[in-house]
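Please read the structure below before turning to the comments.
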Amino acid sequence: MEETARSAEHDADRPAEDVTDAQTPGFRLAYVPGVTPSKWVRTWIDRVPGVRLEALAVPASQVEALLHDGGADVAILRRPVRSEGLSHIAMYTEVPVVVVPRDHVFAALESDEALTAADLADEVVLHPLDDVLGWASSAAASGADDAATPVLPGKPALERPATTADAIELVAAGIGLLVVPQSLARLHHRKDLTYRTLDGGPEAPVALGWVTEEKSDLVEEFIGIVRGRTANSSRGVAGPTPPTSEASRKADGRSPSGGGKAAQATKGARTASAARSGAKQAPKGGKKSGKSVAKRLGKSQSMKGRKKGR
């Protein structure tokens, strides 16, 4: 298995040996394409400076085997985790997007407008062999009993591309469209391509995994970093930070000057301000619309003309 050691602190552009001058043995973090582990690597370097961290970029299809073989201590991977003997915790979930050429009619949508599966009905949608969204092809779905498996929208291509990178090249050539997690669309960014959110498509959950029976103190430390655990509450190898003067006063039963009433007054002011403003926030994600893309753009004839010209 080909493994590329990289430094996530510098966007995986420098060798892992440059992450820190700490002593070996190190700690190995594998991550799948699209994941950017820089934030957690920087926290590790600050919190555990005595242990060198190696970041390994690994294909999604090989990362679970790498953990079992001892090639990595932990891995940021995509769910579901299929191998037995691996534990994992959820980290975040990505939305699916449709990658299209910049001259495609879908590109005329606003960046916050979402497409639907119905919008893709007349489009060729590519299905690479390394797909991570778990699509079922239309033919396979017709005889399947698992209603939870999402069916690939649109028309199938004559052949499935070997990789997502190959599929991106086909999209740029005008062969079809591609649905991937947003991070993969950004990873394979090209000036002649863009993407729009796919409303109702399968989400792409990301998790931190490790071998269940090999949960060392270092593994526990990285789990704490991912979960946002502070150094003071760490269960791993990093020791607690020295108490501040304020913390010392609290430990002795002393509170800062005017702390009690001032804190209550501030809290009351914030509550009143939130009540006056209504505390309303705009919903996340792309805009939803009951209208088709053609009706939203008023370009149904343009879409037909483009398809005839292909």
Side-chain angles (χ1 to χ4, degrees), residues 11 31-40 59-61 63 75-82 88-102 104-121 123-128 130-137 141 146-154 161 163-165 167-168 170-172 176-190 193-209 226-228 280-293 296-297:
D11 295 329
Y31 63 97
V32 298
V35 169
T36 305
S38 307
K39 175 176 68 174
W40 301 292
S61 61
V63 66
I76 303 177
L77 40 71
R78 297 189 183 277
R79 295 167 58 194
V81 178
R82 295 179 171 83
H88 69 278
I89 57 171
M91 295 181 67
Y92 57 90
T93 299
E94 293 188 70
V95 298
V97 299
V98 184
V99 182
V100 303
R102 284 196 177 274
H104 193 282
V105 64
F106 291 166
L109 292 171
E110 296 295 331
S111 59
D112 59 349
E113 288 190 272
L115 292 165
T116 66
D119 295 327
L120 305 179
E123 301 286 341
V124 173
V125 179
L126 303 168
H127 189 194
D130 64 353
D131 167 59
V132 298
L133 290 176
W135 292 111
S137 64
D146 187 3
T149 302
V151 179
L152 185 70
T163 66
T164 298
I168 289 289
L170 294 176
V171 175
L177 309 183
L178 177 65
V179 183
V180 292
Q182 188 175 36
S183 67
L184 288 181
R186 291 174 174 171
L187 177 66
H188 296 285
H189 170 74
R190 292 174 51 128
L193 300 179
T194 186
Y195 61 84
R196 294 294 181 269
T197 302
L198 178 62
D199 184 44
E203 296 180 331
V206 175
L208 177 70
V226 167
R227 283 179 163 167
K280 294 183 179 180
Q281 295 182 350
K284 297 181 180 179
K287 294 181 180 178
K288 298 181 180 179
S289 173
K291 299 180 180 180
S292 66
V293 170
R296 278 182 272 166
L297 296 176

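Counting from 1, the numbers follow the sequence of the chain as shown.
Of all heavy-atom pairs spanning Ala167 and Leu126, the tightest one is O-CD1, 3.5 Å. Summarising the geometry of Pro153 relative to Leu120, their closest heavy-atom pair is CG-CD1, 3.8 Å, with the distance given to 0.1 Å. Of all the heavy atoms in Val125 and Gly154, the pair that sits closest is CG2-CA, 3.9 Å. Of all heavy-atom pairs between Pro37 and Ile76, the closest is CB-CD1, 4.0 Å. Residues Val99 and Ala185 approach most closely at CG2-CB, 4.0 Å, considering heavy atoms. Of all heavy-atom pairs between Leu170 and Pro161, the closest is CD1-CG, 3.7 Å.
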Report task. Any chance you could lay out the side chain to side chain donor-acceptor pair (under 3.5 Å) test for Glu94 and Ser183, step after step, and finish with the verdict? Result -> CA-CA 8 Å; Glu94 293 188 70; Ser183 67; 2.7 Å; yes
Run the side chain to side chain contact (heavy atoms under 4.5 Å, CB included) check on Val171 and Arg190 step by step: do they pass?
CA-CA 11 Å; Val171 175; Arg190 292 174 51 128; over 6 Å; no
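For the atom pair CG (Leu152) and NE2 (His127), the distance works out to 6.0 Å, reported to the nearest 0.5 Å. Considering NE2 of His88 and CG of Leu208, their distance stands at 10.0 Å, rounded to 0.5 Å. How far CZ of Arg78 is from CG of Leu184: 5.0 Å, rounded to the nearest 0.5 Å. A distance of 9.5 Å separates CG of Leu77 from CE of Met91, quoted to the nearest 0.5 Å.
The side-chain heavy atoms of Val179 and Trp135, taken from C-beta on, include a pair separated by under 4.5 Å. Side-chain atoms of Val32 and Val132, non-hydrogen and from C-beta on, never get closer than 4.5 Å to each other. With a 4.5 Å cut-off on side-chain heavy atoms, Leu178 and Thr164 count as touching. In this structure the side chain of Arg196 reaches within 4.5 angstrom of the side chain of Thr194, judged on heavy atoms. For the pair Val180/Ile168, no side-chain contact is recorded, criterion being any heavy-atom separation below 4.5 Å from C-beta on. For the pair Tyr92/Val35, a side-chain contact is recorded, criterion being any heavy-atom separation below 4.5 Å from C-beta on.
Donor-acceptor pairing under 3.5 Å is lacking for the side chains of Thr163 and Asp130.
Leu115 pairs with exactly one of Leu109, Val97, Thr197, Asp199 by the side-chain contact (heavy atoms from CB on, under 4.5 Å) rule, that one being Leu109.
Proximity of a side-chain donor or acceptor of Asp131 to a complementary backbone N or O of Pro128 within less than 3.5 Å is not detected.
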